[in-house]
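As structure tokens, the structure follows; a few thoughts come after it.
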Amino acid sequence: MMKQTSFSSKLLKWYARIQRDLPWRKNFTPYSVWISEIMLQQTVLSGVIHYYVKWMERFPDVSNLAKASSRQVLRMWEGLGYYSRASNILKTARIIIKEHKNKFPDNYTDLISLPGIGDYTACAILSIAFKKPCPVCDANVKRVMRRFLAWKIWNRKKENDLKSFLYSVIDKRAPGDFNQALMELGQTVCVNKNPKCSLCPLGSDCQAFKKHIQNSIPENKSSGIIRKKTLLLLLLYKNKILIVKRKKGVLSHLWNFPLMEKKNNDRVPAGLYIKKHVALKFNFKKKLPKHIHYYTKYQDEIEPVLYHISDPLPVMRDHKWVSLKHLDRYPFPSVYRKILTLLDTDTFNS
DNA sequence: AATTCGGGGTC
DNA sequence: GACCCAGAATT
């Protein structure tokens, strides 16, 4: 095993040379680190930048955020995905104001008890904002270190071993830079497929590179894609469309159109749904172009269908008729908004 | 321990 | 077109 100082000094020297100018690297406050880290969870960096800048203009600090409504927060989050993150951010902001008297927690126990903050985010905040020697262990770090140590197999025990190894090599003076350097190395050089080993500051200290096995770590996964089909009900009444508030999930205030999952190609009883929840009188207008939506391991074939409603029943709880031009006031998963924008206006008028 | 939660970058 | 990502909460 190489010396610890060599590992981190090579890494930090490289990072000082190549690190990019990102909006959240301007000044590291606990708030800015927290928001950027939550936004970056499972989300590629380039997509986050714009959201982060907009967010900081709208919610410059914790107290400002804590006063916002759930809808305002979700509207700012729309398009980023993983919407429970936005709800958890709001909950946590209010906890910091009320229970911590607007003092951002600076220890692991308090941080990890906050909604939306787990091991990774707690360590990121502690190292970057508070300069405490807590190593982070995200997908980048795992891949870089698995290659560096030539660990072909991976399990829970290995994750603990990695954590203790990182504790022994993390730079005590610049733990935030150390962590960011390791992640940036994974993102730009030690990438998942075809790593650019010729650009790596660790060079032949990397055991996988030495053994020429860097391409087989991590192991290639077999595709486990699951196909789904969904019928999306666009129900029109005069110039209004029916939207439904999501009830699943903690504090999930996002809106949808009514939708029905197709089970093994059976016909979906859309009419029954409409009769039961919306109106006794309705006219099928047309099927609209299908839209394939990929997420996680799913491929969802969304088929929007248009109905005209007459004499609507009193609306159910969580249902709402909204005029088309006011639709942008409501937070939607962006796939549904995208589908809607694909439709031309005469689709609704015909 | 396995599943759920989304969207877009990327090759 | 399929994989993957600055993970956390729930089951």
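Chain identifiers are assigned alphabetically (A, B, ...) following the order of the sequence lines, protein sequences preceding nucleic acid strands; residue numbering begins at 1 within each chain.
Here the two rings, on A:F257 and A:F332, have centers that are under 6.0 Å apart.
For the segment residues 121-138 of chain A, no residue has any heavy atom less than 4.0 angstrom from an atom of DNA chain B.
For the P atoms, the distance linking C:dT11 with B:dG6 amounts to 15 Å, nearest Å. Taking atom P on both C:dG7 and B:dT10, the two are 16 Å apart, rounded to the nearest angstrom. Taking atom P on both B:dT4 and C:dA6, the two are 23 Å apart, rounded to the nearest angstrom.
Between the C1' atom of B:dA2 and the CD atom of A:E159 lies a distance of 15 Å, rounded to the nearest Å. Counting to the nearest Å, the C1' atom of C:dA9 and the NZ atom of A:K91 are 10 Å from each other. Atoms CH2 (A:W154) and P (B:dA1) sit 14 Å apart, rounded to a whole Å. In this structure, the OH atom of A:Y52 is 14 Å from the C1' atom of C:dA6, given to the nearest Å. Atom CZ of A:R85 is separated from atom C1' of B:dG6 by 8 Å (rounded to the nearest Å). If you take CD of A:Q41 and C1' of B:dG6, they are 13 Å apart, rounded to a whole angstrom. Counting to the nearest Å, the C1' atom of C:dA9 and the CD1 atom of A:I112 are 12 Å from each other. Spacing between atom CG of A:L111 and atom P of C:dA6 amounts to 22 Å, rounded to whole angstrom units.
In this model, no donor atom of one side chain and acceptor atom of the other lie less than 3.5 Å apart for A:K132 and A:Y108. Side-chain polar atoms of A:Q41 and A:Y120 form no donor-acceptor pair below 3.5 angstrom. Side-chain polar atoms of A:Y237 and A:D311 form no donor-acceptor pair below 3.5 angstrom. In this model, a donor atom of one side chain and an acceptor atom of the other lie less than 3.5 Å apart for A:Q187 and A:R20.
When all heavy atoms of A:Q214 and A:P195 are compared, the pair lying nearest together is CG-CG, 3.8 Å.
Along DNA chain C, the nucleotide nearest to A:P115 and the one nearest to A:E184 differ in position, and the one closer to the 5' end is contacted by A:E184.
In this structure, A:F59 and A:W55 have perpendicular ring planes: the angle between them is above 60°, well past the 30° mark. Between A:F284 and A:Y307, the ring-plane angle classifies as perpendicular under the 30° and 60° cut-offs.
A:I217 and A:V191 are members of different hydrophobic clusters when ILVMFWY side chains are connected at heavy-atom separations under 4.5 Å.
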Restricting to nitrogen or oxygen on both sides, can you table the protein-nucleotides 7-10 of chain B pairs closer than 3.5 Å?
residue : atom : partner : partner atom : Å
B:dG7   : OP1  : A:Y83   : OH           : 3.1
B:dG7   : OP1  : A:S334  : N            : 2.7
B:dG7   : OP2  : A:H293  : NE2          : 3.3
B:dG7   : O5'  : A:S334  : OG           : 3.1
B:dG7   : O3'  : A:G79   : O            : 3.2
B:dG7   : N2   : A:Q42   : O            : 3.4

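The NZ atom of A:K13 sits 11.5 Å away from the CG atom of A:L11 when rounded to the nearest 0.5 Å. Interatomic distance, CD of A:E219 versus CD1 of A:I153, reported as 10.0 Å (0.5 Å rounding).
Counting any heavy atom pair closer than 4.0 Å across all strands shown, A:R25 reaches a base atom. If you check every strand for non-hydrogen atoms under 4.0 Å, A:I38 touches nothing. Heavy atoms of A:W24 sit under 4.0 angstrom from at least one base atom. At the heavy-atom level, A:D119 lies under 4.0 Å from the strands shown only through sugar-phosphate atoms.
Atom NZ of A:K172 is surrounded by more than 12 heavy atoms from other residues, nucleotides or ligands within 6.0 Å.
A:N88 has no side-chain polar atom (N or O) that falls below the 4.0 Å cut-off from OP1 or OP2 of C:dA8.
With a 6.0 Å cutoff to the six-membered ring centre and a 45° limit on the axis angle, A:K240 does not count as a cation-pi contact of A:W321.
Annotated stems with DNA chain B as a participant read B:1-5 with C:7-11, B:7-11 with C:1-5, given as range with range, by first number; only runs of 3 or more Watson-Crick or G-U pairs under 3.5 Å qualify.
Proximity note for A:K193 (side chain, C-beta onward) versus C:dG7, C:dC5, C:dC3: the nearest is C:dC3.
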